[in-house]
There are 2 protein chains.
Amino acid sequence: MQLSARGRYAVMAMVDLAARAPVRSGASSSVPLAEIALGQRISLAYLEQIFCRLRRAGLVLAVRGPGGGYRLARAPAEIAIIEIIRGSGEPIRTTRCRPGGLPCPGSSPALPGARCRTHALWAALGHEIERFLGSVTLADVLAGHPAIPAAAA
Amino acid sequence: MQLSARGRYAVMAMVDLAARAPVRSGASSSVPLAEIALGQRISLAYLEQIFCRLRRAGLVLAVRGPGGGYRLARAPAEIAIIEIIRGSGEPIRTTRCRPGGLPCPGSSPALPGARCRTHALWAALGHEIERFLGSVTLADVLAGHPAIPAAAA
DNA sequence: TTTTTCCCGACCGTGAAGGTCAAGAATTCA
DNA sequence: TGAATTCTTGACCTTCACGGTCGGGAAAAA
């Protein structure tokens, strides 16, 4: 059970972006990737890949040319962490069962729906993860109390 | 974010073992791995690796020789899924931050505790996953309603 | 003493994660 | 206009851990 670097980097970079944006002079100015790469110690080339996906997911806006960079497409409080992880192309995979009602690899033919006995468990785990990451926003992380909603739940 | 095969196989095999045990004639008889391997379509050699770990974790008991095999060390209701996953040696890794209070790779020196801003988020996610998997037992999965405690929470 | 089963370390191939490179396109400023 | 800056994109490469095999052993029962 592990989170890959891409999803983690994506969230780290978005947090960094959100943190830098308000400091700028202009209200709607953008932050170049080079700055974030430096701050988060992520290679610029790799970060470009990630932001390309985030842009296509509609989470950030790109501005080219001198003085350009990236901006959040929405307010930090309106962006859930799950959106960033999904937007980065990182899948939440808890099963390897085939989709579309096909029988799971380990299922016995006698079982109802040809689902393996553990299928519901993995599905529930996936939902639980998505529920949690959907309940935390960029603003929460920035404010430094992302654990609160989880502990309270 | 994905669960590796080892942890998943471990749980599948334990469920299978728990399901087969009551069917046996003797009350405390054991199930040979070959049977489980066949039922779950997992290679016997790989399954042996996994059960070796589960045994060392104290989750199953091994009996050698003809008529031997494995038995659950405890009642299904007393075995939480998280124990199986931990016992199989699968780590729940949501961060890559260095342990022991060392600064996270991406942390800015100005941040308190030299923790990256997303550290608390990943830690909370890890706790959430462990909480869920700790709330479901082998008996729940066998009974077929492992999703209930999650949905209710 | 043979069979069955667990025990365990060594080994290996593959796929995907993680990361680099290079060429290009849009935009701004001098 | 042209040069600098920054995003855009696809192709490419490298490493490594996962998933899996192999082979020899040891215990226990028949």
Side-chain angles (χ1 to χ4, degrees), chain A residues 1-10 12-13 17 20 24 26 28-38 40-73 85 88-93 96 105-106, chain B residues 1-10 12-13 17 20 24 26 28-38 40-57 59-73 85 88-91 93 96 105-106:
Chain A
M1 188 90 248
Q2 57 188 84
L3 186 64
S4 78
R6 198 166 64 205
R8 189 169 38 238
Y9 283 178
M12 285 164 60
L17 175 59
R20 281 172 201 277
R24 309 270 137 176
S28 65
S29 61
S30 26
V31 180
L33 274 196
E35 235 174 82
I36 296 176
L38 214 64
Q40 298 293 318
R41 314 276 159 76
I42 305 174
S43 101
L44 176 59
Y46 195 32
L47 208 55
E48 281 175 339
Q49 260 191 37
I50 293 170
F51 268 80
C52 199
R53 287 165 182 264
L54 293 177
R55 183 181 56 81
R56 273 181 270 192
L59 294 170
V60 294
L61 304 172
V63 181
R64 299 209 229 194
Y70 283 95
R71 285 199 325 246
L72 292 182
I85 292 185
S88 76
E90 162 126 7
I92 307 280
R93 258 186 295 167
R96 255 183 212 179
Chain B
M1 188 92 247
Q2 59 187 86
L3 186 64
S4 77
R6 199 166 62 207
R8 190 169 38 239
Y9 282 178
M12 285 164 60
L17 175 59
R20 282 172 200 275
R24 308 271 138 178
S28 64
S29 60
S30 24
V31 181
L33 276 196
E35 235 173 82
I36 297 176
L38 213 63
Q40 298 294 317
R41 313 277 158 75
I42 305 174
S43 99
L44 175 59
Y46 195 33
L47 208 56
E48 282 177 340
Q49 260 191 37
I50 293 171
F51 268 79
C52 201
R53 288 164 182 264
L54 293 178
R55 183 181 55 81
R56 275 180 269 191
L59 294 171
V60 294
L61 303 172
V63 181
R64 300 209 228 195
Y70 284 95
R71 285 200 324 246
L72 292 182
I85 292 185
S88 77
E90 162 126 8
R93 258 185 295 169
R96 252 182 214 181

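Chain letters run A, B, ... following the sequence lines, proteins first, then strands; residues in each count from 1.
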Engineer: Applying a 4.0 Å non-hydrogen cut-off, can you work out what B:F51 is touching in the nucleic acid: base, sugar-phosphate, or nothing?
Structural biologist: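 Result for B:F51 = nothing.
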Engineer: Do A:L54 and A:Y70 have side chains that approach each other closer than 4.5 Å (heavy atoms only, starting at C-beta)?
Structural biologist: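 No; the side chains remain at least 4.5 Å from each other.
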Engineer: Atom CG of B:L33 and atom P of C:dC7: how far apart are they, to the nearest Å?
Structural biologist: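 Interatomic distance, CG of B:L33 to P of C:dC7: 8 Å.
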Engineer: Rounded to whole angstroms, how far apart are CG on A:L61 and P on D:dT6?
Structural biologist: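 Those two atoms, CG and P, are 18 Å apart.
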Engineer: Could you check whether the rings of B:Y9 and B:Y46 sit parallel, tilted or perpendicular, using 30° and 60° as the cut-offs?
Structural biologist: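 If you compare the ring of B:Y9 with that of B:Y46, the planes turn out perpendicular.
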Engineer: Report yes if at least one side-chain N or O of A:R55 is closer than 4.0 Å to OP1 or OP2 of D:dT8; otherwise report no.
Structural biologist: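 So the side chain of A:R55 is within the cut-off, an N or O lying under 4.0 Å from OP1 or OP2 of D:dT8.
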Engineer: Has the side chain of A:E90 got a donor or acceptor atom that lies under 3.5 Å from a matching backbone atom of A:L3?
Structural biologist: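 Not at all, since once roles are kept as given, no pair shorter than 3.5 Å links the two residues.
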Engineer: Measuring from B:M1:CE to A:R93:CZ, what's the distance to the nearest 0.5 Å?
Structural biologist: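 CZ of A:R93 is found 12.0 Å from CE of B:M1.
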Engineer: Atom CD1 of B:I50 to atom P of C:dC8: distance rounded to whole Å?
Structural biologist: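 Roughly 15 Å, once rounded to whole Å.
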Engineer: Distance check needed: D:dT6 P versus A:I36 CD1, whole Å only.
Structural biologist: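 Result: 13 Å.
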Engineer: Think B:R71 has a side-chain N or O under 4.0 angstrom from the OP1 or OP2 of C:dC6?
Structural biologist: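 No.
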Engineer: Would you mind telling me which of C:dT27, D:dC7, C:dC7 lies closest to the side-chain atoms of B:A62?
Structural biologist: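 Shortest atom-to-atom distance from the side chain points to C:dC7.
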Engineer: After noting the C-alpha distance and the side-chain angles of A:R56 and A:C52, does the key distance pass the side-chain contact (heavy atoms from CB on, under 4.5 Å) rule?
Structural biologist: CA-CA 6 Å; A:R56 273 181 270 192; A:C52 199; 3.3 Å; yes
Engineer: Rounded at 0.5 Å granularity, tell me how far CG in A:L33 sits from CD in A:Q40.
Structural biologist: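 Rounded to the nearest 0.5 Å, the CG-CD separation comes to 12.0 Å.
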Engineer: For nucleotides 16-25 of chain D, just jot down a letter per nucleotide in 5' to 3' order: B, S or -, based on protein non-hydrogen atoms under 4.0 Å.
Structural biologist: ---BBB---B
